[in-house]
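Report on the structure given below.
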Amino acid sequence: MLVHLRMTLPSDLTDPVVSLLCEHEWTADVTVQRDVVLHPRGDLVECDVAREKAGPLIGDLRELGVHEAGSILVTEPRSSPFARAERMERAAPGHPDDAIVWESVESAAAADSVPTVSYHVFLVIAVILAAIAVVTDSSVLVVGAMVVGPDFAPVAAAGAGVVLRRPRLVVRALQLLVLSFVFAIAVVAVLGLVARGTGLIAAEDLSRSRPNTGFIWHPDAWSFIVALAAGGAGALALAIEKTSTMVGVFISVTTVPAAGNLALALAFLDTHEMAGSAMQLGLNLVGLLLAGTAVLAFQRRWWKPLCVAAERVFQRTTLTR
């Protein structure tokens, strides 16, 4: 698996950059087009690099000042069916699926901390689904609300900000997380008041026994343990870009269902369920943040040597067979 780098450079940086790109076994297809960039004026340099070495190479390019004087664009081809690609991957220690490009992690975290309209709409819809799940005691709707909810993105962004020492990123992510939940809960609480006034929902719908959804506002030690496990899995999936794994994270924690229950409890002024829902929501968010930050910190410090050592063990095991 390769990563493609496309760089625009002022002419005085082209030779040092090309020299850097050509000195490694895990880079190939270095292409230089001089004076083809029109705005701003400069040269175009491209290359392919083994994914395991993309991060360190980008770091070297930053030390040369490419990120300030020019630009770096990172893309990942869907496939690389040529023999040299296999040789490049063998020259780079580790496995490409385990490689972490921290610049991509930081870029994704920065994007996930921006308060977009779509983010708020998704969260409001998720909390609405959760509130309906409470009224109908539907476990299926609880799962649906968990999947729709986008709230793990700013949690992971805050953890990445801590590990990468980007305090502004941490603040932006936490602000988005808190304010978006406040907004979504307020919107659904108002809708709950409307439903209450029209007779669509009665107080008994909230206070009656709910065997399928009662756990939402009954936090316990397992709620926190599940949040820790889900936060760790989510951070790992974020770093190695395994987006399919994120669905499992979304349906593991009850942040959005707790928010839906809290909104209805506010509409009916049920202090008992308000307290339980708020505690469930808080426990889950804290657990996600703590575990996500811890996993990213571990990956930042120990992931690469661990993966290299594991690959050596796997290779020896394969050879002995």
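Please read these numbers as outputs of a predicted model, since none were measured by experiment.
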Exercise for review: Please report the C-alpha distance between M88 and K53 in whole Å, then the side-chain angles of each, then the deciding distance to 0.1 Å, and finally whether the side chain to side chain contact (heavy atoms under 4.5 Å, CB included) criterion is met.
Suggested key: CA-CA 10 Å; M88 291 165 62; K53 288 294 185 178; over 6 Å; no

Practice item. For G192 and A267, work out which heavy atoms get closest and say how close. Key: C-CB, 3.8 Å

Study note, to complete from the structure: Heavy-atom closest pair (A130 atom, A145 atom, distance to 0.1 Å) is N-CB, 3.7 Å

Table please: side-chain donor-acceptor pairs of residues 34-45 below 3.5 Å, with sequence neighbours left out.
from, atom 1, to, atom 2, distance (Å)
R34, NH2, D15, OD1, 2.9
D35, OD1, R41, NH2, 3.1
D35, OD2, R41, NH2, 3.3
D43, OD1, D35, N, 2.6
D43, OD2, T14, OG1, 2.6

Point to revise | Side-chain donor or acceptor of T198 paired with backbone N/O of A195 under 3.5 Å | key: yes

Review point. Considering only heavy atoms from C-beta outward, does the side chain of L61 approach that of V17 to under 4.5 Å?
Key: yes

Practice item. May I ask whether L176 and V187 are part of the same hydrophobic cluster, defined by side-chain heavy atoms of I, L, V, M, F, W, Y residues being less than 4.5 angstrom apart, directly or through others? Key: yes

Review point. Can you tell if the side chain of I185 reaches within under 4.5 Å of the side chain of L281, non-hydrogen atoms only?
Key: yes

Review point. Does some side-chain heavy atom of L57 sit less than 4.5 Å from a side-chain heavy atom of L20?
Key: yes

Exercise for review: Could you check W26 against D48 for side chain to side chain contact (heavy atoms under 4.5 Å, CB included), going step by step and ending with a plain yes or no?
Suggested key: CA-CA 8 Å; W26 32 265; D48 295 321; over 6 Å; no

Point to revise | H4/V74 under side chain to side chain contact (heavy atoms under 4.5 Å, CB included): CA gap, chis, key distance, verdict | key: CA-CA 6 Å; H4 184 74; V74 182; over 6 Å; no

Practice item. For the residue pair F268 and D205, establish whether any side-chain heavy-atom pair is separated by less than 4.5 Å. Key: no

Point to revise | The single option from R166, R62, R165 passing salt bridge (Lys or Arg N to Asp or Glu O under 4.0 Å) against E106 | key: R166

Exercise for review: State, yes or no, whether a side-chain contact exists between L123 and P150 at a heavy-atom distance under 4.5 Å.
Suggested key: yes

Practice item. Treat each ILVMFWY residue as a node, draw an edge where side-chain heavy atoms are under 4.5 Å apart, and state whether L191 and L262 are in one component. Key: yes

Review point. Going hydrophobic residue to hydrophobic residue with side-chain gaps under 4.5 angstrom, can you get from V30 over to L9?
Key: yes

Check your understanding: Got a donor-acceptor contact below 3.5 angstrom from the S107 side chain to the E103 backbone?
Key -> no

Point to revise | L285 reachable from L174 in the ILVMFWY side-chain graph, under 4.5 Å edges | key: yes

Exercise for review: Spell out, yes or no, whether I58 and L2 are grouped together once hydrophobic residues are joined by side-chain heavy atoms under 4.5 Å, including indirect joins.
Suggested key: no

Study note, to complete from the structure: Correct closest heavy-atom pair for L169 and G161 would be CD2-CA, 3.7 Å

Check your understanding: Can a donor-acceptor pair be found between the side chains of D137 and T213 at a distance below 3.5 Å?
Key -> yes

Check your understanding: Which pairs with one or both residues in residues 110-145 pass ring pair (Phe, Tyr, Trp, His ring centres under 6.0 Å), sequence neighbours excluded?
Key -> H120-F183

**Study point:** N-O pairing of E273 and R210 below 4.0 Å
**Key:** yes

Check your understanding: Do R172 and V114 touch side chain to side chain, with heavy atoms closer than 4.5 Å?
Key -> no

Practice item. Indicate the atoms forming the closest heavy-atom contact of G232 with A291, along with that distance. Key: N-CB, 3.6 Å

Check your understanding: Below 4.5 Å, heavy atoms only, C-beta onward: do L5 and V3 meet side chain to side chain?
Key -> yes

Practice item. Determine, stepwise, if the pair L206 / W217 fulfils side chain to side chain contact (heavy atoms under 4.5 Å, CB included). Key: CA-CA 11 Å; L206 200 62; W217 62 282; over 6 Å; no

Practice item. Could you tell me whether the side chain of L296 reaches within less than 4.5 Å of the side chain of W102, counting heavy atoms only? Key: yes

Check your understanding: Going by atom types alone, do N261 and S277 pair a side-chain donor with an acceptor below 3.5 Å?
Key -> yes

